[in-house]
Structures are given as C-alpha cells and as structure tokens.
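Accompanying notes for the structure given below.
Chain identifiers are assigned alphabetically (A, B, ...) following the order of the sequence lines, protein sequences preceding nucleic acid strands; residue numbering begins at 1 within each chain.
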Protein chains: 2
Amino acid sequence: MTDRHWSIGEMCRDFGVTARTLRFYEAKELLSPLREGSRRLFTRRDRARLTLILQGKRFGFSLEDIRQLLDLYDIGDQGATQLARTYDLARQRLAAMEAQRDELTRAITDLREQLALGERMLAERGIRVAAE
Amino acid sequence: MTDRHWSIGEMCRDFGVTARTLRFYEAKELLSPLREGSRRLFTRRDRARLTLILQGKRFGFSLEDIRQLLDLYDIGDQGATQLARTYDLARQRLAAMEAQRDELTRAITDLREQLALGERMLAERGIRVAAE
DNA sequence: GGGAAAGTTGACGTTTACGTCAACGTGATG
DNA sequence: CATCACGTTGACGTAAACGTCAACTTTCCC
C-alpha cells in the first residue's frame, strides 16, 4: 500500500482546482486530509474521492448529492443498518443515473437530427462543412 | 398549424415550474411569449424550448449554455454566417454530450460494481436485499 | 538571515437561479 | 359591487459554490 501524501498545491495542479475549492470541500466534509501541523496532507483516498466529486459535478449533481454517494465507496466501515441504507440510496442513484443516460442518449439523437437539418441548409447556400 | 396559446398558470401546471421561473427565463431571453395586454401568452415554440431547457438543466448545463444551444433549434431564420457559427457550436455541444454520456456509462459501471460489493457484504451479515 | 514561496484562517464578495413579498391591474362571479 | 383568482412589475432575499483579500506562519533557498 503506497501511502504517499500530497500538498494542497500538488492537488491543485493534478486536478485543476483551486486551493479554495479543496478547503471548501473539506469544510463540507467531502474530503478529510490529514494534518502536518496546520498543513493539509491529502491521501490516496482523498484523490479517489475528488475524482468522484468532479465527475459527479459534470453530471449535474449537487455537492450534497455527491457527499451521500461517496459514502458508498467507503462501504465496510459502517454498521449493518447504515450499510443497508447506503445500499438503498446507491440503488436509487444508479437508477437516476441510468435514466439520465437514457435521456441524454435521446437528446443526442435529437441534436444529431438538427445537425443534419442544418447541414442541408448550409449546403443549399453552397457552404461546405467538415466531414464527420 | 395549431396556434394555441397557454397562460402562465397553465405552463406552470404542465411543466412543474413556478411563474417566477418562467418570467426569469423570459428575462434571460430563453423564452419569448406573446402579450395580450400585459399578460403573457406562451406558444408551441415556447413549450418546445422549455422542454429543452429543463432537459439541459438535468444534464448539468447552465442557462447560458442552454440559451446558445436553443438557437440551433431555430435554424432557418438566421444569416448564412450566423447559421454556420451555430452549426459549429452545435457540433461542439454534441461532442460534449457524447463525452458526458460515455463518462456516465463508465460511472454507472463503477457504481454497479460497488453495489455488487455492498450486496456481498450485506449477505455476509445475513441481510437480504430485493432482487434486481 | 532575509526574502520568496507555499500554506493557514477568517471574512466578505460574487454569480447563478431562482424565492418571496408588496403593491397593483383586470376579469369573472355570486 | 365586492371579492376572488389570476396576472403584472419591481425590489429585495437566499442557497450553493466558490473567488478574493487581508493578515499571519513556515519553510526553502541563496
């Protein structure tokens, strides 16, 4: 087990976020870096969680949504009741994500049709467009 | 062409949004209802656009992102240059949406794995879970 | 040993996407 | 004709997700 640590600056560079953002996520209990004196030391776990956080944001989830989801990836250090609750919540999230993907697929199909339409209109006006 | 009109109240009921939201979208030029005196009359076009707006929001797009995308669905009443620009923008959006769908697919796969893991842990503790 | 560089904690500012409230107009209805 | 229901325009409030700035440590480097 490589138990390397990263400074806040290294995290910023690696993930393209600001220090303010990382401190904010810690305040919201999405991350929990160790301390060396007053300085934060981010762990492998923090990096994994940050990856999930940024991913979740791209899907349009709120930080609060994401916080709850993150617990699933820490499965194991929970009581049985808590585990069952987390599990149910994760199933709901999964269903939501699948629904979102389906809707996204439909939207993509629609947009492709609109693009084809636009392409024809451009062709009518004698404008060429880069091939797909 | 059915050129029915809808009041703001009807729109609220049909789409599950508040009047404030619709007025806000009009202020941001996402919608452009007609007027009967001072009252808004929403058209079929407004409803189509509102559908796209709410969809876009679920994908995590900002209203400004969405506003630009909406122009594509009005293709036709634009100059050639503007049309070409809109077309390019739409291709970029399409690529972004496809990337998002792919990422979402991966995230779904990951989450499914975590769920399977959680299921095994629950089983170990003798807890049964509803079948898929 | 004296700057930079990197980090810290407040505290206040900003943008987005609306909510909320006041004050008013207008048309239908018992 | 009063009183609702429904609509209107401001104007101000708010939650989320950070940005920005000030005032200090700490550490590294020549």
Pair [X], [Y]: side-chain N/O donor-acceptor within cut-off below 3.5 Å:
X      : Y      : result
B/T43  : B/R4   : no
B/T105 : B/D102 : no
A/Y87  : B/E119 : yes

Under a 4.0 Å heavy-atom criterion, the protein footprint on nucleotides 25-30 of chain D, written with B, S and -, is -BS---

Reading nucleotides 14-19 of chain D from 5' to 3' and marking B where a protein heavy atom lies under 4.0 Å of the base, S where only the sugar-phosphate is that close, and - otherwise, the string is ---BBB

- Counting any heavy atom closer than 4.0 Å, what does B/R40 reach on the DNA or RNA strands: base, sugar-phosphate only, or nothing?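 Contact class for B/R40: sugar-phosphate only.
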
Does any N or O in the side chain of [X] come within less than 3.5 Å of the main-chain N or O of [Y], such that one atom is a donor and the other an acceptor?
X      : Y     : value
A/Q100 : B/R58 : yes
A/E10  : A/S7  : yes
A/T21  : A/V17 : no

For residues B/W6 and B/R47, determine if any side-chain heavy atom of one lies less than 4.5 Å from a side-chain heavy atom of the other.
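When only atoms from C-beta onward are counted, B/R47 and B/W6 do touch, with a gap below 4.5 Å.
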
Taking the side chain as everything from C-beta on, heavy atoms only, tell me whether A/Q55 gets closer than 4.5 Å to A/F61.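 Answer no - side chains too far apart.
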
Separation of atom CG in B/D65 from atom C1' in C/dT16, rounded to whole Å =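 These atoms are roughly 12 Å apart.
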
Separation of atom CD in A/E26 from atom C1' in C/dT9, rounded to whole Å:
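Whole-Å distance recorded here is 12 Å.
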
| Are any of the side-chain nitrogens in A/E26 or A/R40 under 4.0 Å away from the carboxylate oxygens of its partner? |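 A salt bridge is present here (some side-chain N lies under 4.0 Å from a carboxylate O).
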
- Using a cut-off of strictly less than 4.0 Å between a heavy atom of the residue and any atom of DNA chain D, enumerate the qualifying residues of residues 5-17 of chain A by number.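 Under 4.0 Å from DNA chain D: no residue of residues 5-17 of chain A.
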
With hydrophobic residues grouped by side-chain heavy-atom distances under 4.5 Å, do A/M11 and A/L41 end up in a single group?
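No; A/L41 is not reachable from A/M11 via cluster members.
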
